[in-house]
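Below is one structure, written out as structure tokens; comments come after it.
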Amino acid sequence: MKKSRKFVLACGYVAFVVLLLLGTRCESRVHITTPERDAKHIAEYAELAHSEAELKAVEKMRARYEQAYRRSYGGAKALYFRSLVDPILDAAGDRREAYAAEEAYLATQQATFNDKLRDLDEAWTMELGSDADVIATIERNDATIATKNAELAALIAENEQLAIDIIDAGYPEDMLNMIGELEAKIEAKRKDIATVEYANTIVRLAYRLQRGEELVIAEPEPEPEVEVAEEVM
């Protein structure tokens, strides 16, 4: 199905190029007939336009026809011709945007699918060790995440304070550079946290695939509350 669609698109593109070359052999002169027939002629080109460059080529063709009508019949007929063609080009633009959105969606879905396959492959081939080893890995990663989250919170607080100081100081360039550096550190810290979180995700996925059950880590027992006796006055 995908190959058939690509073949159809390729044929359409070739046909578009051929028609466009035939229609633009005489750049400075076009043969006009009637506004209705020429609008239909341009519609045939617009139907094959799937890219921004192809759509612009059709718009240039429309402009040459409009100029020809203006020279031969005056502004009224040129405007009438334009009124016939504008909806055609608008529809072509909508089709192009829809086609681009579909291609972007398919690309995103393909990337997501590839990521899932990568995760599964990594999880299947991971050496887990004992349950105690797996739990120790998760807990070690959780401790790293907690530390990095605290560092991230400190960076964000520093960045917010710096923003206030910059306003108070009248936006000096050296301080503006500092806020850019801080924002880069914040972004890097977020990526670090995401990397460790991803590692935990893969460990849990590996456990589920290889052991056939979810990894359960027992919560630590809460410390008993100590009642403080009230002093009797």
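Scope of the values below: all heavy atoms of this structure, side chains included, with no hydrogens, waters or symmetry mates. Being a predicted model, the structure only gives us computed values, none of them experimental.
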- R64 versus M61: any side-chain heavy-atom pair under 4.5 Å? yes
- Message: Are the side chains of E97 and L55 in contact, using a 4.5 Å heavy-atom criterion?
- Response: no
- Do the non-hydrogen side-chain atoms of R190 and I156 ever get within less than 4.5 Å of each other? yes
- Looking at Y65 and H41, what are the two nearest heavy atoms and their distance? OH-CD2, 3.3 Å
- Minimum heavy-atom distance between L84 and P87, given as atom pair plus value: O-CD, 3.6 Å
- Query: Between CE of M178 and CG of N159, what distance do you get to the nearest 0.5 Å?
  - Reply: 10.0 Å
- If you measure from OG1 on T112 to CD on Q110, what distance do you get to the nearest 0.5 Å? 9.5 Å
- Message: Tell me every residue that passes salt bridge (charged side-chain N to carboxylate O under 4.0 Å, His left out) with R82, counting only those two or more places apart in sequence or in another chain.
- Response: E66, D86
- Message: When you compare the side chain of I88 with that of R62, does any pair of heavy atoms fall below 4.5 Å?
- Response: no
- Indicate yes or no: does D115 engage R118 in a salt bridge with an N to O separation below 4.0 Å. yes
- Item | Check: T125 side chain, E122 main-chain N or O, donor-acceptor pair, under 3.5 Å | yes
- Between D121 (side chain) and L117 (backbone), is there a donor-acceptor pair under 3.5 Å? no
- Item | Heavy-atom pair with the smallest gap, counting every atom of Y207 and L128 | CA-CD1, 3.7 Å
- Query: Does the Q210 side chain pair with the main chain of E127, one donor and one acceptor, at a distance under 3.5 Å?
  - Reply: no
- Query: Going by heavy atoms in the side chains, are E183 and E187 under 4.5 Å from each other?
  - Reply: no
- Query: Between Y73 and A68, is there a donor-acceptor pair closer than 3.5 Å when you use the side chain of the first and the backbone of the second?
  - Reply: no
- Message: Once rounded to the nearest 0.5 Å, what's the spacing between atom CG of D142 and atom CD1 of I135?
- Response: 11.5 Å
- Query: Which atom names give the shortest non-hydrogen contact between L89 and V58, and what distance separates them?
  - Reply: CD2-CG1, 3.5 Å
- Message: Strictly distance-based, threshold 3.5 Å: is any side-chain N or O of N141 a donor or acceptor partner for the main-chain N or O of V196?
- Response: no
- Message: Is it true that, when you exclude K185 itself, more than 12 heavy atoms of the residues, nucleotides or ligands shown sit nearer than 6.0 Å to its NZ?
- Response: no
- Side chains of L48 and E54: does their closest heavy-atom pair fall under 4.5 Å? no
- Any chance you could measure D192, atom CG, to T147, atom OG1, to the nearest 0.5 Å? 12.0 Å
- Under 3.5 Å: donor-acceptor pair, side chain of R95, backbone of A46: yes
- Task: Report yes or no: do N177 and E173 form a side-chain donor-acceptor pair below 3.5 Å?
- Result: no
- Please report the shortest heavy-atom distance between I138 and R204, naming the atom on each side. CG2-NH2, 3.7 Å
- Mind checking the CG-CD1 spacing from N200 to I145? Nearest 0.5 Å is all I need. 5.0 Å
- Kindly compute the distance separating CG (L182) from NZ (K189), expressed to the nearest 0.5 Å. 12.0 Å
- Message: If you compare all heavy atoms of I42 against all heavy atoms of F81, which two are closest, and at what distance to 0.1 Å?
- Response: CD1-CZ, 3.6 Å
